[in-house]
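One structure is given below, encoded as structure tokens.
All values reported here derive from a predicted model rather than from experimental measurement.
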Amino acid sequence: EPDTDEATQRQLHLARAQGDAYGDALEHMTTVVADDGDQQRAGEYWIGYAVEEAEGMYEWQDGELVWREPGTADLHVEVTVRDAGDGRFVPCARVLVTVIDPDGRELGTHEQPLLWHPMIYHYGRNWATTANGRYRLRVRVEPPTFMRHDQVNGLRFAEPVEVEFSEVDVRLTRA
């Protein structure tokens with residue numbers, strides 16, 4: 001149990017239940033929905049990923065939601081950032097991903113915006129890849145910008161972390 005000056009045992013129990021529910025959705029995403037996925041501990045976080053074929057999404061444009069097809073993108077990279085203590089999703093972080101192709105070439109580094117999904121919040125975006133094969137993903141999470149309760153625990157999530165996933169299996173259907 002973490003030290004706290006804000007949360008009761010009941011509140012901590014409810015936070016863990018939220019984390020457990022998020023973990024169940026993450027398990028479904030990485031084993032049933034996505035083509036590949038994994039997670040690693042990094043400081044006060046669990047950082048995870050899932051990859052699947054690129055997908056259309058709504059984006060804001062001039063005050064309206066506009067549907068965007070993936071265009072030339074063929075890969076959708078999803079990143080999850082969870083509290084290592086209770087498993088809850090951590091919002092408001094800046095998440096940067098570098099995709100490295102099977103030949104060791106960096107395809108770029110891009111911010112992964114927060115995505116709402118009917119099942120699970122995550123950070124993600126579509127990418128254009130070069131070939132099927134084993135890719136690497138380098139994920140950097142910068143501290144979330146949210147306000148914090150609790151003088152004891154409020155200083156958590158204050159340092160950036162970085163992880164690398166070296167065996168990301170990308171097998172896409174290309175026309």
Side-chain angles (χ1 to χ4, degrees), residues 1-60 65 67 75-99 110-127 136-170:
E1 296 299 326
D3 290 334
T4 181
D5 68 352
E6 286 280 329
T8 66
Q9 289 300 313
R10 173 76 177 139
Q11 291 167 338
L12 293 172
H13 170 76
L14 293 170
R16 282 191 302 277
Q18 290 176 48
D20 291 346
Y22 188 87
D24 289 345
L26 178 60
E27 174 76 15
H28 180 77
M29 180 177 80
T30 58
T31 61
V32 177
V33 177
D35 299 319
D36 190 19
D38 197 7
Q39 62 179 337
Q40 290 182 31
R41 174 83 185 253
E44 296 167 322
Y45 305 98
W46 277 104
I47 310 296
Y49 79 89
V51 294
E52 58 187 3
E53 290 198 38
E55 53 197 29
M57 289 178 268
Y58 280 104
E59 295 179 9
W60 284 103
L65 285 171
W67 182 257
L75 182 70
H76 184 69
V77 175
E78 301 171 329
V79 174
T80 58
V81 180
R82 301 173 68 199
D83 181 327
D86 58 30
R88 291 182 297 165
F89 179 76
V90 176
C92 301
R94 183 167 187 240
V95 176
L96 301 160
V97 170
T98 302
V99 174
H110 296 287
E111 186 166 351
Q112 303 274 122
L114 176 65
L115 294 179
W116 177 88
H117 184 280
M119 179 183 66
I120 186 170
Y121 283 113
H122 60 277
Y123 298 92
R125 75 183 298 274
N126 290 329
W127 291 77
R136 291 187 331 219
L137 298 178
R138 189 174 310 122
V139 179
R140 179 178 174 83
V141 176
E142 295 182 0
T145 58
F146 49 66
M147 302 289 287
R148 294 129 193 264
H149 279 285
D150 196 325
Q151 287 192 332
V152 175
N153 288 295
L155 294 175
R156 297 177 65 225
F157 312 122
E159 299 296 324
V161 296
E162 194 168 291
V163 297
E164 187 166 302
F165 298 97
S166 60
E167 294 291 324
V168 179
D169 193 24
V170 175

Is there a side-chain contact between Tyr49 and Val97 (heavy atoms, below 4.5 Å)?
no

So which pairs with a foot in residues 136-155 pass ring-ring contact (aromatic ring centres under 6.0 Å, His included), sequence neighbours left out?
none

So do the side chains of Leu137 and Thr98 get within less than 4.5 Å of each other, counting heavy atoms only?
no

Please identify each residue that fulfils side-chain hydrogen bond (donor to acceptor under 3.5 Å, both in side chains) with Trp60, with sequence neighbours left out.
none

Checking Arg136 now: which residues fulfil side-chain hydrogen bond (donor to acceptor under 3.5 Å, both in side chains) with it, not counting sequence neighbours?
Glu164

Between Arg125 and Gln112 the two heavy atoms that sit nearest each other are CG-OE1, 3.1 Å

Should Val139 and Val95 count as side-chain neighbours, where that means a heavy-atom distance under 4.5 Å?
yes

For Arg88, which residues count as a salt bridge (charged side-chain N to carboxylate O under 4.0 Å, His left out) partner, sequence neighbours excluded?
Asp86

Side-chain polar contacts of residues 26-34 - donor-acceptor pairs under 3.5 angstrom, sequence neighbours left out - could you list them?
residue: Thr30; atom: OG1; partner: Leu26; partner atom: O; Å: 3.1
residue: Thr30; atom: OG1; partner: Glu27; partner atom: O; Å: 3.4
residue: Thr31; atom: OG1; partner: Glu27; partner atom: O; Å: 2.6

Tell me the closest heavy-atom pair linking Ala93 and Glu142, and the distance in Å.
CB-O, 3.6 Å

My understanding is that only residues two or more places apart in sequence, or in another chain, count here; which of them pass side-chain hydrogen bond (donor to acceptor under 3.5 Å, both in side chains) with Trp46?
none

Taking all non-hydrogen atoms of both residues, which atom of Ala158 and which atom of Pro143 are closest, and how far apart?
O-CG, 3.4 Å

State, to 0.1 Å, how close Pro144 and Pro91 come at their nearest heavy-atom pair, and which atoms those are.
CB-O, 3.3 Å

Residues that His13 engages under ring pair (Phe, Tyr, Trp, His ring centres under 6.0 Å), provided they are two or more places apart:
none

Output all residues satisfying salt bridge (charged side-chain N to carboxylate O under 4.0 Å, His left out) with Asp169, sequence neighbours left out; order by chain, then residue number.
Arg171

Mark yes or no for whether His122, through its side chain, and Ile120, through its backbone, hold a donor-acceptor pair below 3.5 Å.
yes

Taking all non-hydrogen atoms of both residues, which atom of Gly48 and which atom of Phe165 are closest, and how far apart?
CA-CZ, 4.3 Å

Contacts of Glu111 that satisfy side-chain hydrogen bond (donor to acceptor under 3.5 Å, both in side chains) - sequence neighbours left out:
Arg94

Using the ring pair (Phe, Tyr, Trp, His ring centres under 6.0 Å) criterion, which residues pair with Phe89? Sequence neighbours excluded.
Tyr22, Tyr121, Tyr123

Mind checking the CG-CZ spacing from Leu12 to Arg10? Nearest 0.5 Å is all I need.
11.0 Å

Which atom pair, heavy atoms only, marks the closest approach of Leu115 to His76?
CD1-CE1, 3.7 Å

Can you name the residues that form a salt bridge (charged side-chain N to carboxylate O under 4.0 Å, His left out) with Arg156, not counting sequence neighbours?
Asp83

To the nearest 0.5 Å, tell me how far Leu65 CG sits from Met57 CE.
13.0 Å

Ile47 side, atom CD1; Arg140 side, atom CZ - distance, nearest 0.5 Å:
11.5 Å

Which pairs, with at least one residue in residues 40-52 and sequence neighbours excluded, count as a salt bridge (Lys or Arg N to Asp or Glu O under 4.0 Å)?
none

Side chain Asn126, main chain Glu55, donor-acceptor under 3.5 Å
yes

